[in-house]
Amino acid sequence: MSHLKGGLTIIKEMVDSLPKSERKIAQFILEHPKEAVLLTAQALGQESKTSGAAVIRLCKSLGFSGFQELKLRVAGDLQEGSSSEFRDIEPNEDYLKIIEKVTANTMQTIKDTVNMVSISRLKEAVKTLIHADSITFIGFGASFITAKDAEQKFIRINKHVHAYSDLHMASTAIANKGPNDVVVGISFSGNTIEVAKLLELAQKKRTKTISITKYGNTMVTNYADINLFTSSAREAVNRSGATSSRIAQLHLIDILFMCVASVEYEKTVERLDATREAVEYFKGQMNAKNK
C-alpha cells in the first residue's frame with residue numbers, strides 16, 4: 001500500500017470533466033488535502049456541501065477501488081511533498097532558464113506518471129505481452145514515435161512485433177490477428193478516433209487490447225482490455241509538438257519492456273547478446289571493407 005500516490009495528480013487531471021457535485025468535492029480536496037485525508041466520506045461530503053454518496057461516486061469516477069484508496073493516494077502525495085507546477089517558456093528567454101524549465105517539466109511528468117501506475121494492471125499487461133504470438137503497436141502523430149520505440153525494443157528480444165501509423169496497413173494487419181495476439185493502442189488524449197476504431201476491430205477479432213493514454217475514461221480506453229495511464233503532462237503553451245506527453249509515453253514503454261525483460265531474464269540476456277553480436281558482425285564487415 002505504500003506505493004499508492006498520485007491522488008492529487010489524478011484529481012487535477014479529472015476535475016474539469018467531473019459532474020458538478022463530484023467537482024465540488026475534488027476542488028475541496030485540492031484546496032484542503034491535509035484536512036480531507038482525516039475525514040470520513042460522510043464528513044467530506046458535508047464539508048464540500050455535497051453528500052457521502054457523492055464522495056463514493058467521485059472515487060468511482062477517478063477509477064479508485066473506494067474512499068480508502070483515495071485517502072491513501074492523497075496521503076502518499078502529502079508525505080512525498082507537493083509537486084511543482086509546469087512552466088512555460090517566455091519570449092527571448094535565457095537559454096539556461098529554458099534548460100531548467102524543460103528539465104523540471106520532464107522530471108515532473110515522469111514522477112506523475114509513475115505515481116499513477118497500477119501494479120495490478122502492469123502485471124496483467126506484462127503477462128499478456130510475454131505470452132503473445134504477436135504484438136502490434138499503433139499510434140498517430142507523436143504517439144507513433146512511442147510505437148516505433150516499442151517496436152525497436154521488443155524486436156531485440158525476439159518478439160514478433162510491428163508498429164503502424166498507417167490506418168490501412170494497421171487495419172489489414174489486425175484483420176489477421178486472433179486470441180493469441182495483442183494490439184497496443186497509444187494516444188495521449190485517449191480520443192484519437194483511428195486508434196479507438198483499430199482497437200475495436202481487434203476486439204471483434206477477439207485479440208487482446210492494451211491502451212496507453214492520459215488518465216481517465218476515453219474513447220480509446222473503452223476498447224482496451226487493459227488500460228495503462230500516463231500523466232496528462234500539462235504541456236507548455238508555446239511548443240511545436242508533444243514534449244512532456246511523449247516523455248511520459250516513452251517512460252511507460254521502458255517500464256513495460258524492463259518488466260518483461262526481468263520476468264524472462266535468461267531469454268532476454270541471450271537474445272540481447274545475439275542482437276549485439278549481429279551488430280558487431282556488420283561493423284566488423286564494414287570496417288574490413290573500408291581498409
Side-chain angles (χ1 to χ4, degrees), residues 1-10 13-14 59-60 62-66 68-70 72-74 76-77 80 107-139 143 146-147 149-157 159 161 163 180-188 190 195 199 202-203 207-218 220-233 244-265 267-268:
M1 300 299 279
S2 60
H3 167 78
L4 292 180
K5 299 173 188 172
L8 295 177
T9 299
I10 291 170
E13 297 184 358
M14 295 285 289
C59 296
K60 185 176 180 180
L62 296 176
F64 297 155
S65 59
Q68 186 67 10
E69 182 182 348
L70 185 152
L72 285 170
R73 283 186 176 274
V74 173
D77 292 337
E80 190 175 68
M107 291 175 67
Q108 190 61 45
T109 296
I110 291 174
K111 179 181 174 182
D112 289 346
T113 296
V114 169
N115 284 345
M116 62 176 61
V117 169
S118 164
I119 298 300
S120 60
R121 287 195 190 115
L122 180 62
K123 286 181 177 179
E124 188 179 358
V126 169
K127 182 179 178 181
T128 301
L129 292 172
I130 286 174
H131 295 292
D133 287 346
S134 75
I135 307 170
T136 302
F137 289 95
I138 51 176
S143 292
T146 305
D149 179 72
E151 179 190 53
Q152 188 272 340
K153 282 183 169 62
F154 282 93
I155 205 168
R156 290 190 66 206
I157 57 173
K159 298 298 181 183
V161 54
N180 296 324
D181 302 300
V182 180
V183 176
V184 183
I186 305 170
S187 166
F188 169 61
V195 175
L199 290 186
Q203 286 195 333
T207 301
K208 297 179 180 65
T209 54
I210 298 173
S211 71
I212 296 177
T213 70
K214 72 175 184 179
Y215 198 89
N217 295 318
T218 62
V220 171
T221 60
N222 288 334
Y223 294 111
D225 300 316
I226 306 168
N227 294 312
L228 301 176
F229 298 110
T230 67
S231 164
S232 69
S244 296
S245 58
R246 185 191 70 247
I247 294 296
Q249 291 175 346
L250 290 170
H251 189 62
L252 192 51
I253 289 295
D254 284 348
I255 290 171
L256 273 173
F257 176 77
M258 291 300 180
C259 288
V260 169
S262 178
V263 174
E264 296 190 315
Y265 186 78
K267 288 181 181 179
T268 298

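Counting only distance, with no hydrogens or angles, the side chain of D181 and the backbone of T207 share no donor-acceptor pair below 3.5 Å. Without hydrogens or angle criteria, R73 side chain to M116 main chain gives no donor-acceptor distance under 3.5 Å. Under the 3.5 Å distance criterion, the side-chain polar atoms of N180 are left unmatched by any main-chain donor or acceptor of A132. With hydrogens and angles disregarded, no donor-acceptor distance shorter than 3.5 Å links the side chain of S231 to the backbone of D112. The backbone N or O of A163 lies less than 3.5 Å from a partner atom in the side chain of E151, making a donor-acceptor pair.
The shortest distance between side-chain heavy atoms of L129 and I210 falls below 4.5 Å. The shortest distance between side-chain heavy atoms of I186 and F137 falls below 4.5 Å. Under the 4.5 Å side-chain criterion, counting only non-hydrogen atoms from C-beta, L256 is in contact with L122. Annotation: side chain of I212 is in contact with side chain of T230 (closest heavy-atom distance under 4.5 Å). H131 has its side chain out of reach of K208: every pair of non-hydrogen atoms, C-beta onward, lies at least 4.5 Å apart. Counting heavy atoms from C-beta outward, D225 and E124 have side chains that stay 4.5 Å or more apart. Using a 4.5 Å cut-off on side-chain heavy atoms (C-beta onward), C59 and E69 make no contact. Between E13 and T9 there is a side-chain heavy-atom pair separated by less than 4.5 Å.
In this structure, T113 OG1 and Q108 CD are separated by 10.0 Å, a value rounded to the nearest 0.5 Å. With rounding to the nearest 0.5 angstrom, the CD1 atom of I226 is 9.0 Å from the OG atom of S211. Note that OG1 of T109 is 11.0 Å distant from CE of M107, once rounded to the nearest 0.5 Å.
Closest of all the heavy-atom pairs between Q249 and S143 is NE2-OG, 3.3 Å. The heavy-atom pair separating D77 from L8 by the smallest distance is OD2-N, 2.7 Å. Heavy-atom minimum distance, G190 versus T213: CA-CG2, 3.8 Å. Closest heavy-atom contact between T146 and R246: OG1-O, 4.3 Å. The nearest pair of heavy atoms linking S187 to V220 is CB-CG2, 4.1 Å.
D149 and K153 are joined by a salt bridge, as a carboxylate oxygen and a charged side-chain nitrogen come within less than 4.0 angstrom of each other.
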Subject >> Worked verdict on I138 versus V183 for side chain to side chain contact (heavy atoms under 4.5 Å, CB included) >> reply: CA-CA 8 Å; I138 51 176; V183 176; 4.0 Å; yes
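Here Y215 pairs with F229 under the ring pair (Phe, Tyr, Trp, His ring centres under 6.0 Å) rule; sequence neighbours left out.
With V260 as the fixed residue, the side-chain contact (heavy atoms from CB on, under 4.5 Å) test singles out one of T268, I255, I157: I157.
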